[in-house]
Enquirer: 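My questions all concern the structure below.
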Amino acid sequence: MEGLMMDYQLNVPAILRRADELYGDREIVSRQPDKSWHRYGYADFASRAKRLAVALRSLGLDDGDRVATLMWNHHEHLETYIGAPVGGFVTHTLNLRLHPDDNTYIATHAGDRVLVVDKVLWPLAAQFVERVGFEHVVAVGTGETPEGAIDFEELIASADESAFSYREIDERAAAAMCFTSGTTGLPKGVVYSHRAIAIHALTAVSLLGISEADTILPVVPMFHANAWCFPFSCTLVGAKQVFPGPHLDPDSLLEAFETEHVTLSAGVPTIWMGILQTLDAKPDGWDLSAMRTMTVGGAAPPRAMIEAFGERHGLHITHGWGMTEMCPIGTISGAPGHERGLGKSEAYDRRAQQGPPIPFVEIRARGEDGLIAWDGQSMGELEVRGPSVASSYYDAPDAADRWTDDGWFKTGDIVTIGPDGYVEVQDRAKDLVKSGGEWISTVALENALMGHPAIAEAAVIAVPDEKWSERPLAVCVLREGSSASDAELRDFLAPSFAKFWLPERFEFVDEIPKTAVGKFRKTALREQFAGGGAVERTQA
Ligand code: ADP
């Protein structure tokens, strides 16, 4: 017997239509390059997104054509994010921190026809625009429009909103595209369907309890994995959206949290570490009483950081794990209810773990002898499947081995899974240290080291060793005015780890190199300290 329900398409137009009808007066606020604030309501946003959809069609675009963006987080980026897929096109976010050669490759490979770019980022775009051969370049913001480009405001003004109608776009059609940063090999394109985005947005809304009453500031860039879906989940429920523009330093962010009464924010651990240091230096500097939770993900957050926010500043952290290939959230830890009945310290332990899978994401992990037990001890590579997980990369036949024969995606993360489905990421397969045949988790060592009062940041890498094949090396950044010796740090770690886990060497540096989205760039550290990255692996 068939179900007799409507075949309603779960798509981005449905998200915009709802916001347009219900939340016209909710606010969207963006920080401009000159630090002034731009404000308008969802009604204006929806009107402009619809006109952009019409205007892109009038430029000659067809269904499924790619519209690249090279922008900071702000309302024009949101208009493109939503306006392009609503018109039947595909938003393709380019990463403004990548080398122009990489963006040339990525935009060419994706077949991008239009580029929407911040005027302040034109010097960067100019280095690859001609090489890609975009048919149209649309320039956003105040100031001079580069020669040959169309001004974004003029483009929107030229479009007639009455020419727009909400279309029944097939939910399986592509809505957005994002390349993984390709820490190994060439960048790979992930193509999000309307359906994946809609389901994912709804999941984020329910798990994070996002509503019209919220004010959300995504620090995570919109060019990184759908900004963790916040542009879609906020629009779906009419949450006030606050965009930081290019101002991502701790003081600017804290000021925005206070003045806009932000209730939820999101960023990678390095962003929160910077904010924590600033708050520690000036604990009464800002009124953050509106802040309900700060979500962290993209890399493992140190437990000490989660605890410090809670104990020193009364600020709650929600921790999520995800991947570009997963829309991106895979697990969420620290959601209400997860810590019921636990003491404070155990609750922080728990929140430092990555958490259980979100609804409709299934997990399992594979060790050398097959699928591992969910005992919180056995380690294996995490595999996932679900409606918000990629089924292949865009035009990359060589990457088919990232999926198992029965269609699960191999994440490349080595994890343990507890009896209650709580995932704990031990390492990326390529970062683990294998010493004397035993695995050592660099993530566990880093997080413990970052709990030492003298250490601001620590990254652990494998270095070749004649006897043990590899040994851990800790690269540390000291807090200003602090000092620590190798012996002191080893003694600090000793109670928590087996002896053979303790780093062989410590190196002290001014700064740990970061990837385009603020994660530790371990390949660079390996080149610097381990002799040309000799121990880099792609498999556990
Ligand atoms: P990349 O880092 O390769 O540019 P992604 O942003 O998609 O691309 O990164 C996904 C990876 O980031 C995961 O496979 C995992 O290794 C790491 N990661 C993400 N969130 C967490 C987390 N909360 N804890 C530990 N690792 C994380």
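Throughout, residue positions are numbered sequentially from 1 according to the sequence presented. Order of appearance sets the numbers: ligands from 1, and atoms from 1 within every ligand.
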Enquirer: What residues form a side-chain hydrogen bond (donor to acceptor under 3.5 Å, both in side chains) with R490, not counting sequence neighbours?
Expert: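 side-chain hydrogen bond (donor to acceptor under 3.5 Å, both in side chains) list for R490, sorted by chain: empty.
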Enquirer: With a 4.0 Å cut-off on heavy atoms, does A225 reach ligand 1?
Expert: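 No.
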Enquirer: Would you please test H77 and F223 for ring-ring contact (aromatic ring centres under 6.0 Å, His included) and show each step?
Expert: CA-CA 10 Å; H77 205 166; F223 58 75; 8.0 Å; no
Enquirer: Taking both backbone and side-chain atoms of G320, is any N or O found less than 3.5 Å from an N or O belonging to ligand 1?
Expert: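 Yes; the residue has a nitrogen or oxygen that sits under 3.5 Å from a nitrogen or oxygen of the ligand.
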Enquirer: Out of N95, V425, V296, D413, who is nearest to atom 16 (O) of ligand 1 when you count heavy atoms only?
Expert: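 The option holding the nearest heavy atom is D413.
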Enquirer: If you count the atoms of ligand 1 from 1 in the order shown, which ones are under 4.0 Å from a heavy atom of H224?
Expert: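 Those atoms are 6 (O).
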Enquirer: Give a yes/no verdict on whether any heavy atom in T180 is under 4.0 Å from an atom of ligand 1.
Expert: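 For ligand 1, residue contact (heavy atoms, under 4.0 Å) with T180 is absent.
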Enquirer: Tell me whether the guanidinium CZ or amine NZ of K410 lies under 6.0 angstrom from the six-membered ring centre of W403 and within 45° of its axis.
Expert: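 Cation-pi check for K410 and W403: fails.
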Enquirer: Would the number of heavy atoms belonging to other residues, nucleotides or ligands and lying under 6.0 Å from CZ of F508 be above 12?
Expert: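 Buried by this count: over 12 neighbours within 6.0 Å.
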Enquirer: Which ligand 1 atoms are under 4.0 Å away from a heavy-atom of H319?
Expert: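 Under 4.0 Å from H319, ligand 1 has these atoms: 22 (C), 23 (N), 24 (N).
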Enquirer: Given R521, R428, Q353, which has its nearest heavy atom closest to atom 3 (O) of ligand 1?
Expert: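 Considering heavy atoms of R521, R428, Q353, the nearest to atom 3 (O) of ligand 1 sits in R428.
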Enquirer: Of the choices G322, A300, P269, which has the non-hydrogen atom that lies closest to atom 10 (C) of ligand 1?
Expert: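 Answer by nearest heavy atom: G322.
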Enquirer: Pairs in or reaching into residues 218-229: which pass side-chain hydrogen bond (donor to acceptor under 3.5 Å, both in side chains), with residues at least two apart or in two chains?
Expert: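 Counting only pairs at least two positions apart or across chains, no side-chain hydrogen bond (donor to acceptor under 3.5 Å, both in side chains) contact touches residues 218-229.
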Enquirer: Polar contacts were defined as any N/O atom of the residue lying under 3.5 Å from an N/O atom of the ligand; does this apply to G298 and ligand 1?
Expert: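 Yes: some nitrogen or oxygen of G298 is under 3.5 Å from one in ligand 1.
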Enquirer: Using the rule side-chain contact (heavy atoms from CB on, under 4.5 Å), only one of I306, T293, L207 pairs with T318; which is it?
Expert: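 It is T293; the other options fail the test.
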Enquirer: Does atom CG of D375 have more than 12 heavy-atom neighbours from other groups under 6.0 Å away?
Expert: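 Atom CG in D375 is packed in, count exceeds 12.
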